[in-house]
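Accompanying notes for the structure given below.
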Amino acid sequence: MTKPFFRTFAGAMALGVGLLASQAMARSDITIAMQLEPPHLDPTSAAAQAIDSVVYTNVFEGLTRFMGDGSVVPGLAESWEISEDGTVYTFTLHDGVTFHDGTTMDAEDVKFSLDRATAEDSANAQKALFAGIESVEVVDPLTVRITLAEPNGNFLFNLAWGDAVIVAPESIEGIKTNPVGTGAYKFAEWVQGDRITLERNPDYWGDQPALEQATFKFISDPTAAFAAMMAEDVDVFDNFPAPENLPQFEADPRFQVLVGSTEGETILATNNKKPPFDDVRVRQALAHAIDRQAIIDGAMFGYGTPIGTHFAPHNPAYVDLTGLSAHDPDKARALLAEAGFADGFETTLHLPPPSYARRGGEIVAAQLAEVGIKAEIINVEWAQWLETVFKGKNFALTIVSHTEPMDIGIYARPDYYFQYDNPDFQALMATLNATTDPDERTRLLGEAQRMIAEDYVNGYLFQLAKLGVAKAGVQGLWENAPTAAIDLTAISWAD
């Protein structure tokens, strides 16, 4: 009696172990940590990167979209035709697309979304992307015609931004806390201060993704970030905030470290209308007071690429202008004296939560002090930064990373938060937008880079590296960040 029982028990144990192994191999949930919590979940009415990190391509989709390699591919638009003069785009939409609430996505929703973005009272943080749209017409439920005032070589690129996703009038009222999109994932829960959960959309119009559920966990403190990863409480930490810990993860077979590039130009942003920063000599003094490599080494432990203008070094059109603002404290002091500040002056430096800002800000403040500029550090939360600095323009200096793709056009907007008003630059951007020839666009982009560098609009620090840590079995993560996104549709667990 004993032997058969033993065999049965052993067989049952083997079967149970096999089932457990099978279940482990079939894992379909993931927990992704982020340093910043979104202020809300409407990507069409705020400049916060954290919003797109959660909802871009996951919850909301646009007519076009970015892939991890930076290419722009069709999204909700199946195809398009462009008129010979480059001013009329006719988009054919995918058939059978529905929003998460069951309503149909059609050309009327595209018109609603773009009309909302271009409206006089639009809250869209990148409203300038749509400024050239003259009209949006519904041809039929699956066809929409967009007419531009003039050709725009960047138009399909602009439509791939998170600010251009398609939303529906039926659900627009609750979009900030209950986002309803067309994406492969539906919003499930938001526990303020802790996490956001998304669940796979069974009615998704495209290919079903591997993951059934994703939880975005918010961990702002770098020490806590390291502890959470080492304890395996989270599976992925996007933009890991403690670069000094990366060697420990690289040496641990439980983890993988992904080091790539971002579109994040990290700058010492300057209020160009606030005295004394309305004087180009003072702005130039700021630039020469800064030691970029010391900031990269001290705040980012060597991760980052020095920049001398607002443009990504990995872009083929990049021009290295770091020599225009080389570290030269004596020249900075001479420029300040020439501008009437031989004894220096006092100012403020607003720092949002990311490590590059808080850690980098301490170093920048010390470097400015060496030339006589005493900067009082004001640490603010992200919502405060958006309200005070970005919207209110109530600041002198701040450090922030601009993660939007190829966004040098923001310098053509006098009402943008650093308030740079140069008609020549605005005319240059208008010419660029109307230019489709690749070689001429490259030339114009080089001219634009040089113009803002020579005007010392901001202190250009470094291109933010993308530093990610993940468990060894996670695959499909973006190594680079052509836009702010954690594309769940590409992620799966290795067998």
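Quick caveat: nothing in here was measured; it's all calculated off a predicted structure.
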Give, for atom CG of Asp235 and atom CZ of Arg27, the distance between the pair rounded to the nearest 0.5 Å.
4.0 Å

Is Lys111 reaching over with its side chain to a backbone N or O of Val136, donor-acceptor style, under 3.5 angstrom?
yes

Note, Asn178 side chain near Phe187 side chain (heavy atom, < 4.5 Å)
yes

Quick check: are there more than 12 heavy atoms from other residues, nucleotides or ligands sitting under 6.0 Å from CG of Asp207?
no

What closest approach, in Å, do His314 and Thr262 show between heavy atoms, and which atom pair accounts for it?
CE1-O, 3.1 Å

Students often mix this up, so state it plainly: with edges at 30° and 60°, are the rings of Trp161 and Phe157 parallel, tilted or perpendicular?
perpendicular

If you take all heavy atoms of Val380 and Arg358, which pair is closest and at what distance?
O-NH2, 2.9 Å

Does the side chain of Arg200 come within less than 4.5 Å of Leu488's, by heavy atoms?
no

Would you say that Phe60 contacts Thr44 through its side chain, given a criterion of any heavy-atom pair below 4.5 Å between the two side chains?
no

Can you tell me if Gln35 uses its side chain to pair, donor with acceptor, with the backbone of Ser220 under 3.5 Å?
yes

Quick check on Gln192: does its CD atom have over 12 non-hydrogen neighbours (other residues, nucleotides or ligands) under 6.0 Å away?
yes

Would you say CZ of Arg413 has more than 12 non-hydrogen atoms from neighbouring residues, nucleotides or ligands within 6.0 angstrom?
yes

Specify the closest pair of heavy atoms between Gly75 and His94, including all atoms of both residues, with the distance to one decimal.
O-CD2, 3.2 Å

In plain terms, say whether Lys127 and Asp415 are close enough for a salt bridge, that is, a side-chain N and a carboxylate O under 4.0 Å apart.
no

Side chain to side chain contact (heavy atoms under 4.5 Å, CB included) against Thr483, all qualifying residues, sequence neighbours excluded
Tyr56, Phe66, Pro405, Trp478, Ala485

Using a strict threshold of under 4.0 Å (side-chain N to carboxylate O), is an ion pair present between Arg450 and Glu447?
no

Could you go step by step and tell me if Leu286 and Phe277 meet the side-chain contact (heavy atoms from CB on, under 4.5 Å) rule?
CA-CA 9 Å; Leu286 279 178; Phe277 303 112; 3.6 Å; yes

Is any side-chain heavy atom of Tyr417 closer than 4.5 Å to a side-chain heavy atom of Asn271?
no

Does a side-chain heavy-atom distance below 4.5 Å link Val167 with Ile175?
yes

Does Asp95 have more than 12 heavy atoms from other residues, nucleotides or ligands lying within 6.0 Å of its CG?
no

Checking the side chain of Arg65 only, and the main-chain atoms of Val73 only, is there a donor and an acceptor separated by less than 3.5 Å?
no

Mind checking what makes salt bridge (charged side-chain N to carboxylate O under 4.0 Å, His left out) contact with Asp194, not counting sequence neighbours?
Lys217

Test Phe216 against Phe218 for ring-ring contact (aromatic ring centres under 6.0 Å, His included), laying out the working first.
CA-CA 7 Å; Phe216 293 87; Phe218 310 119; 7.7 Å; no

Report the relative orientation of the aromatic rings in Tyr420 and Tyr411; use parallel for angles under 30°, tilted for 30 to 60°, perpendicular for over 60°.
perpendicular

Decide yes or no for Leu349 and Ile399: does some side-chain heavy atom of the first lie under 4.5 Å from some side-chain heavy atom of the second?
yes

Test side-chain contact (heavy atoms from CB on, under 4.5 Å), reference Gln463, set Ile296, Ile307, Thr266, output is Ile307

So Ile410 and His402, do their side chains get closer than 4.5 Å, heavy atoms only?
yes

Taking the side chain as everything from C-beta on, heavy atoms only, tell me whether Glu199 gets closer than 4.5 Å to Glu212.
no

